[in-house]
Amino acid sequence: MVFALTPEQLALQARAVAAGEEFRDQARGWDESDDAPYRAIFDRIGELGLFALTMPIEHGGQGLGAMEYFLAAEAIFRASQSWLVGEPLFCTSGPGPSMVLLGQDAVQEKYLPDIVAGRRGCNIALTEPLHGSDLTHLETTAVRDGDRFILNGSKNYVTGAVVNHLHAVFVRFDDLPGAKGIGAVIVEDGFDGVTVARGPSFIGDRGIPHGDLSFHDAVVPVENLLIDRGQFGRLMRAFNMERLHNCAFWLGAMEAAYDEAAKRVQERQAFGKPLLTFQAVYHDLAWMWTQIEAHRLLCWRAAMTAHEGRFPDFQMVTTAKLFGATVGPQITLKSLELHGGYGVTADYPIQRIHRDAITNVVAGGAPAVLKNAVAAGLFPDHRFPQT
Ligand SMILES: Cc1cc2nc3c(=O)[nH]c(=O)nc-3n(C[C@H](O)[C@H](O)[C@H](O)COP(=O)(O)OP(=O)(O)OC[C@H]3O[C@@H](n4cnc5c(N)ncnc54)[C@H](O)[C@@H]3O)c2cc1C
C-alpha cells in the first residue's frame, strides 16, 4: 500500500491550491451579497486547466481518476475557503457529466463536447419539494410520446440551477413504482415547458443559488435519455461522484478551519502568553488534525477503489461522507470557539466556513440516511425497509 502521491498528483494539487488562492479574498463579498460572477469564476478555473478531470481523453477530458478529482477539489476548497469555487469541477466531471458518460453514444456526442469545454455546466436534479431522503418515492414523471419524453413535476435545491444550462434530472418512467421506475434524462433549460427559478436564500454556500426546476408537459427528445428504468444501481454509480465531491468539501473545510485556528492561537495572547501554549488549546488542535487525517484516509480509500477509476464505490464513499458530515461541523465549531468572540464577527472567515459546513450536513444525503446505507452493507443478510 503506497500512501505517497505521484509527482503528477502533487503538481495538480499545487495548481488547484493556486487556483483557490486567487479567489479567497473575494469569498467574503460573495457571501455578503449572495451573488458572484459565476461565469468569470468558471472560465478562470478552465484557464487553469481544472475542467473535466475525470472525463475520458477521447471526449476531450483529462482522462484522470477519482483520486485526482478528489485532490483537486479538496485543494480548491481549502485554499479558496469557498464552496462555489469547486462548482466548475463538479459541473464538468461530477455526477451530472458522469451520468452522461453512462448514456448512449448519441447523448454523449451531443453534450460531452460542451460539458468538458465548460461551455455548459451540468448539475443534478433529484430532490423534490415532497421527496428528499426518500428519493425512491420521487414523483417527477417522464412518459414516452413518439420521439420525445413528456416531463411533469418539480425539483428543488438544485445547486447552480439558474447558472448552469444542463440538468441531469432523475425521473420516474411511466409511473412505475419504487426504485425500478427511476432513471435520468438530460434537460436543457431552454426546452419547452421547463421553468428555472432561484430558490431560497441559504445561510451558507452563498453566491450560488440552489434553484427550482419545474416541468409542465416539458418536451425532452428521446435521445436525451441518460439511464433507463430498471438501472437504479447504475444511476447511483454516477451519483457517487456527488458524494466524493462532498467528501472533498468536508476535508477542505476542516483544513481551512484548522488553518484559521492555528493562525489565530499563535497571534492572540491571554494571561501574557500565546493561546497556543495552553495545553487545552494545543490539545484541541491535535484533536482537529487527527480527525482531518482520519477523514483524509477514508476519502483516499474511496477514491482509490473507484470502479473503472472514476465511479466511487457506494459503501466506501458513503462511509467517508458520513464521517465528514459528522465530524466536519465539530471541527469548524471548535475553530470558531478558539477565535473567541472574534470568531462570530464578519472580520474573520471562520464564521463563514462554519456556516458553509452546517449548510452541507444533509447535502448529497442526510447522515441518518447514510447510516442506513452503511448498516445495510454491514448486514447484507438483513433488510432495513424504511417504509
Ligand atoms: C447545500 C445543499 C445543496 C444541495 N444540492 C442539491 C442538488 O444540487 N440537487 C439536488 O437534487 N438536491 C440537492 N440538495 C438536496 C439534498 O439532497 C436534500 O436536502 C437531502 O437529500 C435531504 O432531503 P430533505 O432536505 O428533503 O430532508 P428530509 O428527507 O425531509 O429529511 C430530514 C431529516 O429526516 C431524517 N430522515 C429522513 N429519512 C430518514 C430515514 N429513512 N431514516 C432516518 N432518518 C431519516 C434525517 O434526520 C433527515 O436529515 C441540496 C441540499 C443542500 C442543503
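Counting convention: from 1, in listed order, for ligands and their atoms alike.
- Residues Lys263 and Asp259 are not paired through a salt bridge, judged by the lack of any N-O separation under 4.0 Å between the basic side chain and the carboxylate.
- Annotation: ring-ring contact (aromatic ring centres under 6.0 Å, His included) contacts involving residues 166-200, sequence neighbours excluded, comprise Phe149-Phe173.
- Salt-bridge check for Glu308 with Arg237: passed, with a basic side-chain N closer than 4.0 Å to an acidic carboxylate O.
- In terms of the salt bridge (charged side-chain N to carboxylate O under 4.0 Å, His left out) criterion, Arg301 has no residue partners (sequence neighbours excluded).
- Applying the side-chain hydrogen bond (donor to acceptor under 3.5 Å, both in side chains) rule to pairs touching residues 174-187 yields Asp174-Arg229, sequence neighbours excluded.
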Could you go through the salt bridge (Lys or Arg N to Asp or Glu O under 4.0 Å) check for Arg198 and Asp34 one step at a time? CA-CA 12 Å; Arg198 199 183 167 102; Asp34 200 8; 3.7 Å; yes
Go ahead and list the nitrogen or oxygen contacts between ligand 1 and the protein that come in under 3.5 Å, distances to 0.1 Å, or just say none.
unit_1	atom_1	unit_2	atom_2	d
ligand 1	5 (N)	Tyr157	O	3.0
ligand 1	5 (N)	Thr159	OG1	2.8
ligand 1	8 (O)	Thr159	N	2.9
ligand 1	8 (O)	Thr159	OG1	3.3
ligand 1	9 (N)	Ile124	O	2.9
ligand 1	11 (O)	Leu126	N	2.7
ligand 1	11 (O)	Thr127	N	2.9
ligand 1	11 (O)	Thr127	OG1	3.2
ligand 1	12 (N)	Thr127	OG1	2.7
ligand 1	17 (O)	Thr127	OG1	3.4
ligand 1	23 (O)	Ser133	N	3.4
ligand 1	29 (O)	Ser133	N	2.9
ligand 1	29 (O)	Ser133	OG	2.7
ligand 1	31 (O)	Ser133	OG	3.4
ligand 1	41 (N)	Asn372	ND2	3.4
ligand 1	41 (N)	Gln386	OE1	2.9
ligand 1	42 (N)	Asn372	ND2	3.2

